[in-house]
Amino acid sequence: MDYAQLAQLMFPHTEHDVDYYLNKYGPRDLPEGAIVTRYAPSPTGFIHMGALYASFVSRTFAKQTGGVFYLRIEDTDTKRTVDNGIQLIIDDLKKFGVVFDEGPVSQTEAVGDYGPYIQTQRKEIYDTFVKHLVAQGKAYPCFCTPEELEAIRAQQEREKEPIIGYWGKYAKYRELDPAEAARRIESGEPYVVRLKSFGDPTRKETFRDEIKGKLTVPENCLDIVIMKGDGFPTYHFAHFVDDTLMRTTHVIRGDEWIASLPIHLQLFRTFGFQPPKYAHIAPLMKTEDGSTRKLSKRKDPECAISYYFEIGMPTESILLYLATICNSDFEDWFMKNPGAKIEDFTFRFNHIGKAGAIYDLAKLYNISKGFVSRMKAQELYDRSASFLKEYDPAFYELYSRDEAYSVAALNIDREKPKPRKDIAVYGDIKAQIWYLYDELFHTPWQDNSIIDTAILSDYFANVYDPADDSAAWMEKVKAFAPKHGYAADVKEYKKNPDQYRGHFGAICGMLRYLVTSQTNSPDLYSILHLLGGQRVLARWNAYQEWAK
RNA sequence: GGCCCGAUGGUCAAGCGGUCAAGACAUCGCCCUUUCACGGCGGUAACCCGGGUUCGAUUCCCGGUCGGGUCACCA
């Protein structure tokens with residue numbers, strides 16, 4: 001029995017050979033310099049920030065070069081598969097405008113000519129490639145039990161072997177006679193398939209990473225598992241096969257993969273294929289008690305993108321922040337072109353930071369405030385309404401009862417050259433405008449020293465006219481102020497502070513406190529106007545009752 | 001522990017042998033202003049350490065320190 005016969009015994013069902021697939025999935029017809037890349041998650045249904053970041057970067061580079069961005073589902077570890085996981089990932093990413101040119105579009109459907117895009121549906125392809133290797137004696141079945149593997153490791157550690165793992169003289173099934181291997185397989189003994197490594201770890205090879213630049217790594221000498229006991233390929237092998245056949249030009253992934261780069265390079269070399277370009281992204285970090293660590297989906301709630309749905313963060317804000325982390329010159333460009341589309345900025349690999357950036361929520365909020373401030377009131381209303389409907393139904397009732405009123409509330413100090421920037425997330429809205437809803441405004445005052453009842457009594461009896469426009473209202477307040485010892489003019493007051501109890505702003509403060517129970521608010525006139533004379537007077541009466 | 005990567009103000013970061021070492025967030029002060037916010041102006045604040053190379057190193061090289069990653073039939 002020779003290797004070819006062994007391969008045939010192991011994979012009797014494959015219909016085609018490697019060349020067949022290479023021809024079937026030929027080179028893509030794309031413009032010069034077009035980047036083909038992918039997002040390749042396990043179908044856990046869960047997306048964390050790091051993954052969103054990587055997919056954002058991938059899509060951005062593909063799109064700005066006229067290339068292709070596709071989705072591939074890496075479900076070879078069946079333990080990680082969640083029901084409906086694919087759908088959840090697609091739907092969540094879509095909310096961020098991350099959409100795919102190819103790949104699954106739902107749990108059961110897909111588009112594109114380079115599929116299937118779900119790894120468990122590609123088994124025959126992997127079989128074909130493994131078979132090819134076995135037939136050439138470049139891969140072999142290994143019958144080691146987990147206990148044996150553990151024993152090897154223990155021995156290596158005892159002997160201070162610099163390289164731990166299944167290699168060289170420790171690779172006990174590497175030279176097993178094909179006939180013996182065949183016998184054990186036929187008798188039903190479980191096995192994995194390992195690559196017969198020809199690497200020499202004392203030799204280093206340098207490699208150019210698109211982000212990290214020059215990387216020096218030792219050759220791989222481990223006989224790594226390429227096909228697991230369940231017949232599915234390992235990540236390494238699936239990456240090699242899929243990215244070859246799907247004609248990926250750039251593999252953009254987390255830099256935790258750098259350590260396995262020697263394996264991947266070796267796989268391509270074994271087949272004589274040109275490896276794709278690699279761009280390894282540093283992880284998002286978090287500081288905690290003075291030390292830094294990778295943002296963790298277990299420890300850090302802000303790591304899960306679902307967190308942002310729950311607080312009502314616009315997805316654009318997150319994208320803007322990720323763009324800022326990705327290429328820091330993006331921020332300068334965006335400040336010069338506020339409201340511009342992210343796609344209009346040209347990102348560069350060599351501007352991506354090599355070290356992991358600390359994920360800064362304060363910065364994210366700042367960016368989000370800027371984004372929300374540029375929104376039209378109606379748009380803010382529409383978007384926040386669907387958020388509130390789900391996360392704050394009680395407030396949503398009031399909010400949606402009179403849409404025009406709520407939009408007007410949101411429009412105070414909005415849609416002007418220098419809009420307010422006090423809303424970062426839709427969850428902030430209630431705290432900003434609650435006092436405009438009578439149902440929420442039950443004698444909320446806490447401090448009876450702010451309002452001078454005599455002054456406001458005079459004001460409401462003799463000055464206040466709900467029909468006044470903004471300028472007239474202001475003029476009347478100013479004219480009224482001196483009657484009670486307040487300056488009608490701020491500069492005048494500052495010149496002679498001793499001659500006044502304060503300036504007319506204090507009277508505005510009283511009115512503000514009356515109608516909002518707060519000492520600060522957006523434009524007072526707008527609030528009074530929106531409330532209307534009747535409700536303002538009602539609050540005045542309620543206040544007097546309360547202050548008794 | 002072996003191997004790999006990284007290191008500029010509190011944070012994100014420009015820089016790519018000669019700069020008074022940009023900018024943004026945060027912070028502080030002032031101005032504008034009916035309050036707040038916005039905006040404007042200004043302040044505090046940084047090249048991890050030690051050796052080289054060089055007329056000259058934040059920048060290039062070598063050590064060290066610190067930080068991160070990785071050593072699975074998980075991806």
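Letters A, B, ... are given to chains in the order of the sequence lines, protein chains preceding strands, and every chain is numbered from 1. All of these numbers come straight from a predicted model, not from anything done at the bench.
Nucleotides B/G69 and B/C49 are separated by 24 Å at their P atoms, to the nearest Å. On the P atoms, B/G23 is 34 Å away from B/C5, given to the nearest whole Å. The same atom, P, is picked in B/G42 and in B/A57; the two are 33 Å apart, to the nearest Å. When the C1' atom is used for both B/G67 and B/C60, the distance is 23 Å, rounded to whole Å. Comparing B/G10 with B/A46, their C1' atoms sit 11 Å apart, to the nearest whole Å. Comparing the P positions of B/C31 and B/U11 gives a spacing of 32 Å, expressed to the nearest Å. On the C1' atoms, B/C12 is 26 Å away from B/G17, given to the nearest whole Å. Comparing B/C47 with B/U19, their C1' atoms sit 13 Å apart, to the nearest whole Å.
Separating the CZ atom of A/Arg253 from the P atom of B/A75 is a distance of 13 Å, rounded to the nearest angstrom. What separates OH of A/Tyr126 from P of B/C73 is a distance of 19 Å, to the nearest Å. Note: NZ (A/Lys336) to P (B/A22) measures 16 Å, nearest angstrom. If you take CD of A/Glu189 and C1' of B/C73, they are 15 Å apart, rounded to a whole angstrom. When the C1' atom of B/G23 is taken as reference, atom CZ of A/Phe330 falls 15 Å away, rounded to whole Å. Following rounding to the nearest Å, A/Ile258 (CD1) and B/C4 (P) show an atom-to-atom distance of 12 Å. Rounded to an integer number of Å, the gap from A/Lys354 NZ to B/C5 P is 11 Å. Taking atom CG on A/Leu261 and atom C1' on B/G69, their separation rounds to 13 Å, with Å as the unit.
Taking the six-membered ring for Trp and thresholds of 30 and 60 degrees, A/Tyr543 and A/Trp540 have nearly parallel ring planes, at less than 30 degrees apart. Using cut-offs of 30° and 60° for the angle between ring planes, the A/Tyr308 and A/Tyr359 rings count as perpendicular. Using bins of under 30°, 30° to 60° and over 60° for the plane-to-plane angle, the ring pair A/His236/A/His264 lands in the tilted bin. Ring-plane geometry between A/Phe240 and A/Phe237 is classed as tilted, the angle between the planes lying from 30 to 60 degrees on a 0 to 90 degree scale.
Counting heavy atoms of neighbouring residues, nucleotides and ligands inside a 6.0 Å radius, atom CZ of A/Arg298 does not exceed 12 of them. Atom NE2 of A/His529 sits in a sparse spot, with 12 or fewer heavy atoms from other residues, nucleotides or ligands closer than 6.0 Å. For A/Glu159, the CD atom is densely surrounded, since the number of other residues' heavy atoms within 6.0 Å is greater than 12.
Contact annotation for A/Ser260: no contact, since no heavy-atom pair falls under 4.0 Å across all strands. Using a 4.0 Å heavy-atom distance criterion, A/Arg153 is classed as a sugar-phosphate-only contact. At the heavy-atom level, A/Leu215 lies under 4.0 Å from the strands shown only through sugar-phosphate atoms. Using a 4.0 Å heavy-atom cutoff across all strands shown, A/Val225 reaches sugar-phosphate atoms only and no base atom. Using a 4.0 Å heavy-atom cutoff across all strands shown, A/Cys326 reaches no nucleic acid atom at all.
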Which pairs of donor and acceptor atoms, one on a side chain in residues 471-481 of chain A, lie under 3.5 Å apart (sequence neighbours left out)?
{"residue": "A/Trp473", "atom": "NE1", "partner": "A/Tyr459", "partner atom": "OH", "Å": "3.1"}
{"residue": "A/Lys476", "atom": "NZ", "partner": "A/Asp468", "partner atom": "OD1", "Å": "3.1"}
{"residue": "A/Lys476", "atom": "NZ", "partner": "A/Asp468", "partner atom": "OD2", "Å": "3.0"}

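Residues passing the side chain to side chain donor-acceptor pair (under 3.5 Å) test with A/Gln518 are A/Trp434, sequence neighbours excluded. For A/Phe11, there are no ring-ring contact (aromatic ring centres under 6.0 Å, His included) partners at least two apart in sequence or on another chain. Not a single side chain to side chain donor-acceptor pair (under 3.5 Å) links A/Trp445 to another residue, sequence neighbours left out.
Partner A/Arg38 forms a side-chain hydrogen bond (donor to acceptor under 3.5 Å, both in side chains) with one of A/Thr248, A/Asp242, A/Asp243 and no other, that one being A/Asp243.
Closest to the A/Lys212 side chain, of the nucleotides B/C74, B/C5, B/G23, is B/C5.
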Could you pull out the protein-nucleic contacts involving nucleotides 42-46 of chain B (nitrogen or oxygen on both sides, under 3.5 Å)?
none

Protein N or O to nucleotides 1-3 of chain B N or O, pairs below 3.5 Å:
none

Contacts under 3.5 Å, N or O only, protein and nucleotides 63-68 of chain B:
{"residue": "B/G68", "atom": "OP1", "partner": "A/Thr292", "partner atom": "O", "Å": "2.7"}

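Residues A/Lys495 and A/Asp489 are not paired through a salt bridge, judged by the lack of any N-O separation under 4.0 Å between the basic side chain and the carboxylate.
The salt bridge (charged side-chain N to carboxylate O under 4.0 Å, His left out) pairs that include a residue from residues 214-231 of chain A are A/Arg174-A/Asp223, A/Arg203-A/Glu219, where partners are two or more places apart or lie in different chains. Among residues at least two apart or in separate chains, ring-ring contact (aromatic ring centres under 6.0 Å, His included) pairs with a member in residues 143-164 of chain A are A/Phe143-A/Tyr173, A/Phe143-A/Tyr191.
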* Letter per nucleotide, 5' to 3', of nucleotides 10-16 of chain B [B base touched, S only sugar-phosphate touched, - untouched; heavy atoms, 4.0 Å] -> -SSSS--
* Could you run through nucleotides 26-39 of chain B and give me one letter per nucleotide, 5' to 3': B if any protein heavy atom sits under 4.0 Å from the base, S if only the sugar-phosphate is that close, - if neither? => S-------BBBSBS
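In RNA chain B, runs of at least 3 consecutive Watson-Crick or G-U pairs, each pair with both distances below 3.5 Å, span B:1-7 with B:65-71, B:10-12 with B:23-25, B:27-31 with B:39-43, B:48-52 with B:60-64.
Side-chain contact, A/Glu161 with A/Tyr170: a donor N or O sits under 3.5 Å from an acceptor N or O. With no hydrogens or angles considered, no side-chain donor-acceptor pair links A/Thr81 and A/Asp75 at under 3.5 Å.
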* Asked: Can you list the steps and then say if A/His351 with A/Phe345 is a ring pair (Phe, Tyr, Trp, His ring centres under 6.0 Å)?
  -> CA-CA 13 Å; A/His351 281 49; A/Phe345 180 79; 8.4 Å; no
* Assess whether side-chain contact (heavy atoms from CB on, under 4.5 Å) is satisfied between A/Leu295 and A/Glu302, documenting all intermediate values. => CA-CA 9 Å; A/Leu295 196 62; A/Glu302 72 271 30; 4.2 Å; yes
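Within the 4.0 Å cut-off from OP1 or OP2 of B/A75, not a single side-chain nitrogen or oxygen of A/Lys79 is found.
Here the side chain of A/Asp523 pairs no donor or acceptor atom with the backbone of A/Ile412 at under 3.5 angstrom.
Ring centroid separation for the pair A/Phe56 and A/Tyr53 does not come in under the 6.0 Å cut-off.
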